[in-house]
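The basis for the numbers below is simple: all heavy atoms, side chains too, and nothing from hydrogens, waters or symmetry mates. Predicted model, so just to flag it, every value in this text is computed and none were measured.
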2 protein chains.
Amino acid sequence: MPIGLAVSTVIFALRPDSSRPDEPSILSIPLVRRTRDPFAGRWSLPGGVADDDESLADTAARKLYETTQLAPAYLEQLYAFGDVDRAWSGRVVSVVYWALVRSELADQAAEGENVRWFAADELPDLAFDHNRIVEYALWRLRNKMEYSRIAHAFLGETFTLAELRRVHEIVLQRTLDPANFRRQIESSATVVATDEVVSGGRHRPPRLYRYDTTIRLADNGPLGG
Amino acid sequence: MPIGLAVSTVIFALRPDSSRPDEPSILSIPLVRRTRDPFAGRWSLPGGVADDDESLADTAARKLYETTQLAPAYLEQLYAFGDVDRAWSGRVVSVVYWALVRSELADQAAEGENVRWFAADELPDLAFDHNRIVEYALWRLRNKMEYSRIAHAFLGETFTLAELRRVHEIVLQRTLDPANFRRQIESSATVVATDEVVSGGRHRPPRLYRYDTTIRLADNGPLGG
DNA sequence: CCAAAAGTGTTGAGGGTACACCCATGA
DNA sequence: TCATGGGTGTACCCTCAACACTTTTGG
């Protein structure tokens with residue numbers, strides 16, 4: 001019997017917590033409820049069998065769309081999980097991706113009986129080894145957030161530095177000095193100031209920034225460093 | 001037709017260059033000559049079809065042993081390559097690992113008509129997308145060498161700091177300040193001094209060091225951080 | 001004017017690099 | 001005693017964290 005090949009994706013977005021609607025958004029991931037054994041009724045990562053005439057990344061993006069009706073702003077391969085006993089019915093190797101989607105869009109994302117968003121840090125017991133996979137994806141996201149510039153993928157076309165900083169703070173779970181954060185971002189030169197500012201707040205209007213045009217959908221991997 | 005699943009390994013060792021036997025060792029990888037189409041006669045990474053009742057890492061280690069009669073001192077998953085057209089006969093997804101083996105052992109490693117060691121930076125045109133894979137593995141190795149402490153995997157049980165420094169220099173292709181290298185390693189606390197020194201050189205006998213006992217065969221991945 | 005967040009300036013600690021210098025050995 | 005690499009000390013630079021301070025808006 002040949003080894004089965006599956007593709008799953010850990011999808012991250014910042015969403016308001018439904019139980020605390022006035023609090024700031026929290027890091028969330030969508031899960032799908034399994035309808036079949038093994039683990040019927042349990043929540044699991046969106047995914048499925050790899051398609052014959054699609055690259056693995058394309059399959060991941062397609063599954064992501066089928067689950068959330070969203071397109072990823074960032075997509076990267078996480079790991080290939082291949083332990084012998086990880087699937088409970090035959091041997092299955094899962095190539096897992098992780099993705100970031102825009103938070104404003106994620107608000108409107110499909111949710112239903114069998115698709116629901118969960119706080120990334122408070123998941124129930126998932127099917128298979130999916131808890132371990134999410135933990136690893138979380139570790140990668142937080143790691144990458146510190147040395148890379150991917151936070152913009154959670155935001156829209158333009159954003160203030162305060163918004164960008166909030167993204168970092170939510171993901172990394174600690175407060176950041178606004179002054180130092182500003183200089184860090186500016187020196188990284190990954191972001192360019194626009195002419196516009198946001199008025200309406202009871203304070204000095206912040207400038208809007210835009211991400212540098214050379215954006216790659218899927219970073220890392222053997223392609224772009 | 002189901003998607004084929006293969007496991008390949010990029011194996012690194014430091015070996016003396018056969019054409020310049022008096023020069024220091026160079027970063028080398030063993031390749032196997034393909035005997036069948038596609039790419040019959042071309043050199044390629046050791047590997048093969050994934051085994052049903054073996055983890056992917058175990059398969060990688062086994063292929064490594066079958067090719068070189070060696071055991072890896074370090075083994076880590078590199079990437080799952082899954083582009084549609086990368087194999088020229090049907091769809092094949094390759095989970096690729098990279099490994100480090102001890103240099104003294106690699107000297108005696110099997111070499112024959114269909115297995116040969118090449119300088120990692122001067123490879124011929126390989127089968128499939130293996131050139132690109134090796135390039136990525138090289139990038140990962142050099143990257144990891146800078147922030148992690150894996151160089152010892154090229155060496156034996158005990159070693160001098162000069163030997164460890166040479167490993168870094170060969171892999172990173174630049175000279176390192178002995179004084180600063182020493183402090184860097186000592187402050188990282190991954191290495192412990194033994195009582196022994198090496199006499200015989202025309203200079204002050206260097207102390208031997210041993211790696212800290214808590215060694216993991218396969219680092220990274222979802223397991224150990 | 002006041003509150004609040006935007007944005008700037010300044011200082012000090014820590015890590016890395018360059019390099020001067022002493023130590024221990026074999027020939 | 002000299003050459004050679006082992007090993008130590010130190011000054012400088014650069015980055016980052018902390019925090020005081022000025023700016024610009026809405027109320």
Check: Which whole-number value in Å describes the distance from B:Leu161 CG to D:dT8 C1'?
Finding: 14 Å
Checklist line | Euclidean distance, atom CD of residue B:Glu186 to atom C1' of D:dG9 [Å, nearest integer] | finding: 14 Å
Margin query: Base, sugar-phosphate or nothing for B:Ala179? Non-hydrogen atoms, less than 4.0 Å.
Written below: base
Checklist line | Over 12 non-hydrogen atoms of neighbours within 6.0 angstrom of CD in A:Glu146 | finding: yes
Item checked: Comparing B:Ser199 and A:Val197 on DNA chain C - which has the more 5′ nearest nucleotide -> A:Val197
Notebook entry, point to check: Looking only at side-chain N and O atoms, does B:Arg165 come under 4.0 Å of OP1 or OP2 in D:dG6?
Noted result: yes
Next item on the list: Provide, to the nearest angstrom, the distance between the CG atom belonging to A:Leu176 and the P atom belonging to D:dA17.
Entry: 9 Å
Next item on the list: Starting from C1' on D:dG6, measure out to CD on B:Glu196 and report it in whole angstrom.
Entry: 17 Å
Next item on the list: Rounded to the nearest angstrom, tell me the gap between atom CZ in B:Phe181 and atom C1' in D:dG5.
Entry: 15 Å
Item checked: 5' priority, DNA chain D, between A:Asn180 and A:Pro205 [closest heavy atom] -> A:Asn180
Item checked: Heavy-atom check, side chain of A:Leu45 versus side chain of A:Leu31, under 4.5 Å -> yes
Check: Under 4.0 Å between a side-chain N/O of A:Arg182 and OP1 or OP2 of C:dG7, yes or no?
Finding: yes
Checklist line | Single hit among A:Val96, A:Leu126, A:Leu78, A:Asp121 for side-chain contact (heavy atoms from CB on, under 4.5 Å) with A:Val134 | finding: A:Leu126
Note to self: Just to be sure I understand the rule, does B:Arg183 reach a base, reach only the sugar-phosphate, or reach nothing, if contact means heavy atoms closer than 4.0 Å?
What the structure shows: base
Margin query: A:Pro206 and side-chain contact (heavy atoms from CB on, under 4.5 Å): which single residue from A:Leu161, A:Thr160, A:Val197 fits?
Written below: A:Thr160
Next item on the list: Would you kindly compare A:Arg202 and B:Arg166 by the position of their nearest DNA chain D nucleotide and give the one closer to the 5′ end?
Entry: B:Arg166
Notebook entry, point to check: Can you tell me how far C1' of C:dA24 sits from CZ of B:Arg204, to the nearest Å?
Noted result: 6 Å
Check: How close or far is atom P of C:dG7 from atom CD1 of A:Ile185, stated in whole angstroms?
Finding: 14 Å
Notebook entry, point to check: Between B:Val191 and B:Phe159, is any pair of side-chain heavy atoms under 4.5 Å apart?
Noted result: yes
Notebook entry, point to check: In whole angstrom, what separates B:Leu208's CG from D:dG7's C1'?
Noted result: 15 Å
Checklist line | Options D:dG6, C:dC19, D:dC19, nucleotide nearest the side-chain atoms of B:His203 | finding: D:dG6
Notebook entry, point to check: With respect to the side chain of A:Asp177, which nucleotide from D:dT24, D:dC19, D:dG6 is positioned closest?
Noted result: D:dC19
